[in-house]
Amino acid sequence: MLIVDKYGGTSVADAERIEKVAANAAATSKAGHDLVVVVSAMAGETDRLLQMSRALNAAAPPREVDALLATGEVRTSALLVMALQARKVAARSYNGAQVPVITDKVHGRARIARIETAALRRDIAAGTVPVVAGFQGVDEAGNVTTLGRGGSDTTAVALAAALGAGECRIYTDVDGVYTADPRIVPEARCIPRITMEEMLELASSGARVLQTRSVELVGKYRVPLRVLSSFAPGAGTLITCEEKKMEQPLITGLAYSNNEAKLTIRGVPDRPGVARQILSPIADAHINVDMIIQNVGVDGTTDLTFTVERSDYKIGLEKLREAAVTLAARDVLGDPAIAKISVVGVGMRSHAGIAARMFSALAGEDINIQMISTSEIKISVAIDDRHLEAAMRALHREFQLDHNQPPSS
Ligand code: ASP
Ligand code: MG
């Protein structure tokens, strides 16, 4: 089987760890698999390079920033090849332009247009392990580009898709995707298998494991993707496009964000166009609005409440106060200490009553739900952030995420 293995920054943080990666890659290759390895820059390196560029020029030209940042991954690719060759494993390093990984020309968040695989395939056929510098590509004019922070994940999945690999494995510093953040819910466990859609919902609700674009590629090219630890044994989490109906638990995992704030405008005229008048200035200030509720109008007026990221709270409040003056609204209220909790699971599609169970578990802890939003496979609630831990633990218990779950159908 052809496997694409990607090692993150902590896995290649120093010579000793690169040595371990080399041992792991050598074992995979000796087990008879065809192997392509993708590497990140050493942990902290991309940030260090960015800081240096900012110190020299606050408005550093994006082309040069990309030329600089791409070097982090180039170094680790060459170092890993050296370590592999010292173990008598034939290997060759590639930067993005050498593969080549062709991208558009949007520096700092380029998208991959195509990957030419001829050179890699020649190596693979000759028993040589290509070691590819992640996170980078080259545009049609030959400029070095980068794919956005965390972009090595995307390099790996895109390469796996282009090469028709049997599996793409992302080696990182956690042993997989968890039912909840174990720092908050100690009973959380590693999820053996999750669908790509659930993974995207968890990621957009606050769970940060993989670059979101890499997960989208799993859906587009049907590459099985596995996340696992480079430090501990275990099969990690398999992210797939297929739903295994018989074994599907109702709820797959919980995610949270305690970085939310709530804004309310009360007593605005209940007529067409008002929501736009309130929210357009917010959007113009580049503030992302997440949940929105509007109350049923009474006496020709209504209230509108929405959540924003906490760092946007102050400016959001200002914009809302301005809108309140224009609209002759009664008043504006705000609360900067909101948390959002989401329960995610494809089991929701075929089962009713998940919301009711979620709300009664929170009621059982005396936790007030301030806002609710749903998608086909997700229910999110906004609560006072003081209750975050209690809420997460109650929901984890309610949906028996700490057990090996019974089939849902
Ligand atoms: N080194 C890059 C970053 O830190 C890309 C990556 O590690 O995936 O964002
Ligand atoms: Mg990463």
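Remember, it's a predicted structure, so these values are computed and weren't measured experimentally. Atoms within each ligand, like the ligands themselves, are counted from 1 in listed order.
- Taking every non-hydrogen atom of S152 and a distance limit under 4.0 Å, the qualifying atoms of ligand 1 come out as 5 (C), 6 (C), 7 (O), 8 (O).
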For a quick test of your reading: what N or O donor-acceptor pairs under 3.5 Å do the side chains of residues 18-25 make, sequence neighbours left out?
unit_1, atom_1, unit_2, atom_2, d
E19, OE2, R87, NE, 3.2
E19, OE2, R87, NH2, 2.7
N24, ND2, Y7, OH, 3.1

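- For ligand 1, the atoms sitting less than 4.0 Å from at least one non-hydrogen atom of S40 are 6 (C), 7 (O), 8 (O), numbered in the order shown with element in parentheses.
- Side-chain N or O atoms of R393 include none that pairs as donor or acceptor with a backbone N or O of V185 at under 3.5 Å.
- Proximity annotation for atom 3 (C) of ligand 1: of R149, E45, M42, K6, R149 comes nearest, heavy atoms only.
- Rounded to the nearest 0.5 angstrom, L159 CG and C168 SG are separated by 8.5 Å.
- Look at G72 and you'll find every heavy atom at least 4.0 Å from all atoms of ligand 1.
- If you look at E73 next to ligand 1, the close heavy atoms, those under 4.0 Å, all belong to the side chain.
- Within the listing of ligand 1, atoms 3 (C), 5 (C), 6 (C), 8 (O), 9 (O) sit less than 4.0 angstrom from a heavy atom of G150.
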Please list, one pair per line, the donor and acceptor atoms closer than 3.5 Å that link side chains of residues 58-67 to other protein atoms, with sequence neighbours excluded.
unit_1, atom_1, unit_2, atom_2, d
R63, NE, N143, OD1, 2.7
R63, NH2, N143, OD1, 3.3
D66, OD1, G108, N, 3.4
D66, OD1, T146, OG1, 2.7
D66, OD2, H107, ND1, 2.8
D66, OD2, G108, N, 3.0
D66, OD2, T146, N, 3.1

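- Remark: distances from the non-hydrogen atoms of G151 to ligand 1 include one below 4.0 Å.
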Give the intermediate values and the outcome of salt bridge (charged side-chain N to carboxylate O under 4.0 Å, His left out) for residues D402 and R397.
CA-CA 7 Å; D402 48 342; R397 268 195 312 277; over 6 Å; no

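- Side-chain N or O atoms of R111 include none that pairs as donor or acceptor with a backbone N or O of V106 at under 3.5 Å.
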